[in-house]
Amino acid sequence: MYLFKRKTDLKKHLDLVRKNNKSIGFVPTMGALHQGHLSLIQSAKKDTDVVVCSIFVNPTQFNDPKDFEKYPITVDEDIKKLNTVSTDILFLPAVDEMYPEGLTAKHQHYDFGDLENVLEGEFRPGHFQGVGIIVHKLLDIVQPDQLFMGQKDLQQCLIIKKLLHIMQSDTRLVVCPTMREADGLAMSSRNTRLSPEARKKAPAIYQALKHIRDQFGNGLLFMEGAHEAFDSLKKQGFEPEYVDILLVENGNIKKLDHPPAENDTVVAAIAAWLDGVRLIDNIIIQGNL
């Protein structure tokens, strides 16, 4: 595995890759890698010739500085894991390398429409602008044929799809299924911050999502499952921010306020705090992303 810390060096190497008519797959991460990340790399290995993984904890997407400070950094372990799936290239830049203009400089503002004001956007103001800034920078460096992301971050995937349109990029976004632990908990770097007791409770989020899916469409009260799931999580010691049933349409998300048509894509999504850790998850109720 090649390791690059400077964007100029990586770009030179990838220029040679392209001259040899090899396709490039890209998996951007913030490190603290788990099997979910590795599954994205494995998907990229199947579909492209050379796979680039980046590890960069991006300061501009954390609306809470304390959350940024607590984010787990495990570079040595990450490198070992990347080698187990034969990753071709690791890009490991410093903050100054990605933000030579400084973090407080004026950056491009992206018009993501209503998509950045609901769900995650409502509870993490400015988050998706920060995501847009760093992913735009990374895409300019890597210029991949395909970009691989996980369904757990569904709203972020839709944001990146809009970003690719804004950039007029030819990169194709590939959304891969959420990887789960044996008990159903969606794999996440944040799971390592849960206490043993909280870790035992955490799968209740997935159970709540399945309850919503099972209850969906029972009579006229099609939202009842979401209300029941919210109350159930509160009783179990969670602090839910949202438990919603959503319509995904034309790259946008909106809360479902009427029974959907048969061909609509409907998703249940949850964000909840547990033991001081914010967890998110979602499942598809009907349709396809």
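Just so you know, these numbers come straight off a predicted model, no measurement behind them.
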(message) I'd like to check Leu256 versus Phe216 (side-chain heavy atoms, cut-off strictly below 4.5 Å). Are they in contact?
(response) yes
(message) Check for me, please, whether Ile284 and Leu158 land in the same ILVMFWY cluster - side-chain distances under 4.5 Å, paths through other members count.
(response) yes
(message) Between Phe68 and Leu103, is there shared hydrophobic-cluster membership here, with clusters defined by ILVMFWY side-chain heavy atoms closer than 4.5 Å?
(response) no
(message) Is it true that Asp264 and Gln286 share a donor-acceptor pair across their side chains at a distance under 3.5 Å?
(response) no
(message) Before you tell me yes or no, could you show the steps for Asp111 and Lys162 under salt bridge (charged side-chain N to carboxylate O under 4.0 Å, His left out), namely the whole-Å CA-CA distance, both residues' side-chain angles and the distance that decides it to 0.1 Å?
(response) CA-CA 9 Å; Asp111 182 7; Lys162 281 188 183 286; over 6 Å; no
(message) Could you measure the distance from the CZ atom of Phe26 to the CG atom of Leu138? Nearest 0.5 Å is fine.
(response) 4.5 Å
(request) Using the six-membered ring wherever Trp is involved, compare the ring planes of Phe62 and Tyr71 and label them parallel, tilted or perpendicular (cut-offs 30° and 60°). (result) perpendicular
(request) Check Pro203 against Asp183 and note the closest heavy-atom contact, atom names and distance. (result) CG-OD2, 3.2 Å
(request) Compare every heavy atom of Pro93 with every heavy atom of Ile55, then report the nearest pair and how far apart it is. (result) O-CD, 3.6 Å
(message) Any side-chain to backbone donor/acceptor pair from Thr87 onto Val51? Under 3.5 Å, distance only.
(response) no
(request) Please check if the side chain of Thr265 supplies one atom and the backbone of Gly287 the other of a donor-acceptor pair under 3.5 Å. (result) no
(message) Quick check: closest heavy atoms across Leu274 and Gly237, and the distance to 0.1 Å?
(response) CD1-O, 4.1 Å
(message) To the closest 0.5 Å, what do you measure between CD1 (Ile160) and CZ (Phe128)?
(response) 9.0 Å
(request) May I ask you to check whether over 12 heavy atoms, not counting those of Phe123, lie within 6.0 Å of atom CZ? (result) yes
(message) What I want to check is whether the side chains of Gln129 and His107 have a donor and an acceptor closer together than 3.5 Å.
(response) no
(message) If we count only N and O atoms by modelled type, under 3.5 Å, do the side chains of His211 and Glu228 hold a donor and an acceptor together?
(response) yes
(request) Could you check if a side-chain atom of Leu233 sits within less than 4.5 angstrom of a side-chain atom of Ile270, using non-hydrogen atoms only? (result) yes
(message) Is there a continuous path of hydrophobic side-chain contacts, each under 4.5 Å between heavy atoms, that joins Leu40 to Phe91?
(response) no
(request) Flag the pair Ile212 / Val243 as yes when at least one side-chain heavy-atom distance between them is below 4.5 Å, and no otherwise. (result) yes
(message) Evaluate Met98 against Ile141 for side chain to side chain contact (heavy atoms under 4.5 Å, CB included), listing each step before the verdict.
(response) CA-CA 10 Å; Met98 295 308 297; Ile141 297 164; 3.8 Å; yes
(message) Membership question, hydrophobic clusters at under 4.5 Å side-chain separation (ILVMFWY): are Ile245 and Leu289 in the same one?
(response) no
(message) Between Gln143 and Asp140 (side chain of the first, backbone of the second, donor and acceptor by atom type, cut-off under 3.5 Å), is there such a pair?
(response) yes
(message) So, taking the atom named CD1 in Ile285 and the one named CG in Asp214, what distance separates them when rounded to the nearest 0.5 Å?
(response) 9.5 Å
(request) State, yes or no, whether a side-chain contact exists between His127 and Gln156 at a heavy-atom distance under 4.5 Å. (result) yes
(request) Please answer whether the main-chain N or O of Val118 pairs with a side-chain N or O of Gln155 as donor and acceptor at a distance below 3.5 Å. (result) yes
(request) Indicate yes or no for a side-chain donor-acceptor contact from Asp78 to the backbone of Leu33 under 3.5 Å, with no hydrogens or angles considered. (result) yes
(message) Donor-acceptor check, side chain of Ser23 to backbone of Asp145, threshold 3.5 angstrom: yes or no?
(response) no
(message) Using salt bridge (charged side-chain N to carboxylate O under 4.0 Å, His left out), reason through Glu241 and Arg278 one step at a time and then give a plain yes or no.
(response) CA-CA 9 Å; Glu241 284 187 341; Arg278 189 175 184 274; 2.8 Å; yes
(message) So does Lys152 get a backbone contact from the side chain of Asn282, meaning a donor-acceptor N/O pair under 3.5 Å?
(response) yes
(request) Determine, for Arg18 against Asp15, whether the closest basic-nitrogen to carboxylate-oxygen distance falls under 4.0 angstrom. (result) yes
(message) Looking at every heavy atom in both Cys157 and Gly150, which two are closest together, and how far apart are they?
(response) SG-O, 3.4 Å
(message) Taking the side chain as everything from C-beta on, heavy atoms only, tell me whether Met1 gets closer than 4.5 Å to Ile89.
(response) no
(request) Mind checking the CG-CE spacing from Leu139 to Met167? Nearest 0.5 Å is all I need. (result) 4.5 Å
(request) Please determine if Lys137 forms a cation-pi arrangement with Tyr99, meaning its NZ or CZ atom is less than 6.0 Å from the six-membered ring centre and no more than 45° off the ring axis. (result) yes
(request) Please confirm whether the backbone N or O of Ala32 pairs with a side-chain atom of His34, one donor and one acceptor, at under 3.5 Å? (result) no
(request) Report the C-alpha separation of Asp49 and Asn20 in whole Å, then their side-chain angles, then the decisive distance to 0.1 Å, and conclude whether the side chain to side chain contact (heavy atoms under 4.5 Å, CB included) test is met. (result) CA-CA 11 Å; Asp49 299 316; Asn20 288 321; over 6 Å; no
(message) Surrounding CD of Glu197 (heavy atoms of other residues, nucleotides or ligands, distance under 6.0 Å), is the total greater than 12?
(response) no
(message) Measuring from atom CD1 of Ile205 to atom CG of Asp281, what distance do you get when rounded to the nearest 0.5 angstrom?
(response) 7.0 Å
(message) Parallel, tilted or perpendicular, judged at 30° and 60°: which one describes the rings of Phe112 and Tyr110?
(response) parallel
(message) Between Lys7 (side chain only) and Glu97 (backbone N and O only), is there a donor and an acceptor less than 3.5 Å apart?
(response) yes
(message) Using side-chain heavy atoms (C-beta onward) and a distance below 4.5 Å, is Ile283 in contact with Arg213?
(response) yes
(request) Could you pull out the closest heavy-atom pair between Ser195 and Asp275, with the gap in Å? (result) N-OD2, 2.8 Å
(message) Is there a side-chain contact between Leu185 and Arg199 in this structure, where contact means two heavy atoms from C-beta onward sitting under 4.5 Å apart?
(response) yes
(message) Quick one: does any side-chain atom of Asn58 pair with a main-chain N or O of Ile134 as donor and acceptor, under 3.5 Å?
(response) no
(message) Salt bridge check, Arg124 against Asp64: does any charged N sit closer than 4.0 Å to a carboxylate O?
(response) no
(request) Give the minimum heavy-atom separation between Ser86 and Lys45, together with the two atoms involved. (result) O-NZ, 2.8 Å
(message) Can you tell me how far apart CG (Leu119) and CD1 (Ile253) are? Round to the nearest 0.5 Å.
(response) 5.5 Å
(request) Before accepting this row, confirm whether a basic side-chain N of the pair Glu69/Lys66 lies closer than 4.0 Å to the acidic partner's carboxylate O. (result) no
(message) Can you confirm whether Cys53 sits close enough to Thr29 that some side-chain heavy atom of one is under 4.5 Å from a side-chain heavy atom of the other?
(response) yes
(message) side chain to side chain contact (heavy atoms under 4.5 Å, CB included), that's the test. Do Met149 and Val175 meet it? Break it down for me.
(response) CA-CA 5 Å; Met149 302 182 74; Val175 180; 5.5 Å; no
(message) Salt bridge check, Asp114 against Lys254: does any charged N sit closer than 4.0 Å to a carboxylate O?
(response) no
(message) Is there a path of hydrophobic side-chain contacts, each under 4.5 Å between heavy atoms, that joins Val135 and Phe148?
(response) no
(message) Apply side chain to side chain contact (heavy atoms under 4.5 Å, CB included) to residues Gln236 and Gln207 and explain how you reach the verdict.
(response) CA-CA 12 Å; Gln236 293 176 75; Gln207 297 303 321; over 6 Å; no
